[in-house]
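First listed ligand is number 1; within each ligand, the first listed atom is number 1.
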Amino acid sequence: MLTRFAPAPTGYLHLGHVANALHVWGEARARGGRVLLRLEDHDRDRCRPEYEGALLDDLDWLGFVPDLYPISAFRAGSCAARQSDRHDIYAAAAAALLAQGLLYACRCSRAHLSCQQERRRVSFSAKKTPDVFLVGELPYPGTCRDLGLAMDIPDVGWRVRLPPDTVTFHDRWCGPQVQTPVDQCGDMLIRDRRGNWTYQLVVTVDDHLQGVTDVIRGIDLLASTGRQVLLGRLIGRPSPAEFAHHALIMKSPTQKLSKSDGDTGVRDLRAAGWTRQRVMDACRMMTHTPESPLP
Ligand code: GLU
């Protein structure tokens, strides 16, 4: 069993990450598995090196020790589990999709798309998923699908033609799930118009090539799982990982904690004199994370 802790260095580590880490390390330790640390800094516009350093310091202080890619490996420089150091790997995955005739260039901007599209509810039967995480997605309407735009001109994104497949999986916590990615998001963007690889591509490639068997993460990512399973198939993953999506610490009934809003940063709590134990206990109380995690 190999799971992963995969924060994005777009802000300081907050209590939501600590809750996720408790689930990830708890499950790995309970099942004799291992934890891989991955830094998801694929978005060059939002990630900053100082956040990466702070994140590594906070993880160290909290005592979460990865089995694969020690914290010192990230501090030493280039590292195989830092996404910004994996450009060639994502480019190779994109080339394989292109060779299958599945990629096309798209010049639609986000602003253009939101004018064109009506916000509509996605339809899939995630009965235990709070509605707040399932609404407001904008399926791509296929505007550029058949235009045959060149892939290598400036200012175009790359999209994958998704087959209309329905994906079913059993989430260890949320139960049976049925998702039809093409209805949820339409053809998937894998590289944006600024040349950033998207989260959906990099996480799918990394979970596959790094041999991740169990993905344990917050329920806000449940709606992304079907498309990651489907994209995984298209890039050659023989069978998907197991998934477990857990409850989040919310700051209001509809808002999750956010690094970029500076919510409840571990480093602020440290500066205010909190001990490591107090931080962990606060997370356990707020998320009902059991002492030995996962029921
Ligand atoms: N990088 C994502 C985050 O920081 C987590 C992605 C995942 O677990 O799939 O929220």
Side-chain angles (χ1 to χ4, degrees), residues 2-28 35-48 51-52 54-56 58-59 64 66 68-69 74 79 81-86 90 129 133 169 171-174 177 179 181 185 188 190 196-232 235 237 240-251 255-266 283 287 294:
L2 176 67
T3 183
R4 81 302 197 270
F5 181 65
T10 52
Y12 296 115
L13 215 63
H14 59 55
L15 288 185
H17 294 98
V18 180
N20 177 242
L22 283 168
H23 282 293
V24 165
W25 265 271
E27 177 78 350
V35 178
L36 176 148
L37 175 61
R38 177 196 300 151
L39 292 185
E40 300 212 324
D41 63 343
H42 55 93
D43 184 339
R44 289 169 301 185
D45 300 326
R46 294 178 59 223
C47 293
R48 294 208 218 131
Y51 289 139
E52 175 179 316
L55 191 154
L56 296 173
D58 288 343
L59 266 188
F64 290 111
L68 284 177
Y69 304 107
F74 292 94
C79 176
R82 182 192 288 109
Q83 290 180 330
S84 59
D85 293 327
R86 293 170 64 76
Y90 307 131
T129 309
F133 299 126
F169 60 97
D171 187 280
R172 285 166 69 89
W173 269 12
C174 303
Q177 305 295 316
Q179 299 182 6
C185 61
M188 266 165 80
I190 63 155
N196 290 308
W197 301 110
T198 64
Y199 161 67
Q200 303 294 355
L201 178 82
V202 295
V203 79
T204 305
V205 170
D206 288 351
D207 284 341
H208 170 37
L209 295 183
Q210 292 172 338
V212 170
T213 63
D214 286 71
V215 172
I216 301 164
R217 60 187 176 193
I219 199 165
D220 53 329
L221 290 169
L222 181 60
S224 286
T225 301
R227 70 198 71 165
Q228 291 170 16
V229 169
L230 187 54
L231 186 58
I235 63 165
R237 180 165 186 152
E242 299 276 319
F243 292 90
H245 290 87
H246 57 75
L248 303 180
I249 299 179
M250 303 291 282
K251 65 177 165 188
Q255 282 176 297
K256 54 183 188 162
L257 293 177
S258 138
K259 282 192 295 287
S260 22
D261 293 350
D263 288 332
T264 337
V266 171
C283 277
T287 58
L294 293 195

>> Using side-chain heavy atoms (C-beta onward) and a distance below 4.5 Å, is L68 in contact with L2?
In response: yes

> Closer than 4.0 angstrom: is that true for some heavy atom of R4 and an atom of ligand 1?
Replying inline: yes

> If hydrogens are left out, which of H42, E40, R217 has an atom nearest to atom 6 (C) of ligand 1, that is, the closest non-hydrogen atom?
Replying inline: E40

>> I'd like to check which ligand 1 atoms, numbered from 1 as shown, lie under 4.0 Å from a non-hydrogen atom of P7.
In response: 4 (O)

> What class does the angle between the rings of H14 and H17 fall in, given that below 30° is parallel, 30 to 60° is tilted and above 60° is perpendicular?
Replying inline: tilted

> Counting from 1, what ligand 1 atoms have a heavy atom of Y199 closer than 4.0 Å?
Replying inline: 6 (C), 7 (C), 9 (O)

> Would you call the rings of W173 and H23 parallel, tilted or perpendicular, where under 30° means parallel and over 60° means perpendicular?
Replying inline: perpendicular

>> At less than 4.0 angstrom from any non-hydrogen atom of V203, what atoms of ligand 1 do you find?
In response: 9 (O)

>> Ignoring hydrogens, what is the shortest heavy-atom contact between D214 and A241? Give both atom names and the distance.
In response: N-CB, 4.3 Å

>> Would A6 count as being in polar contact with ligand 1, using the rule that some N or O on each side must be under 3.5 angstrom apart?
In response: yes

>> Give me the atom names and distance for the closest heavy-atom approach of G226 to F169.
In response: N-CE2, 4.1 Å

>> One residue to check: V215. Relative to ligand 1, which of side chain, backbone, both or neither has a non-hydrogen atom less than 4.0 Å away?
In response: neither

>> Return the OG to OH distance between S84 and Y90, rounded to the nearest 0.5 Å.
In response: 8.5 Å

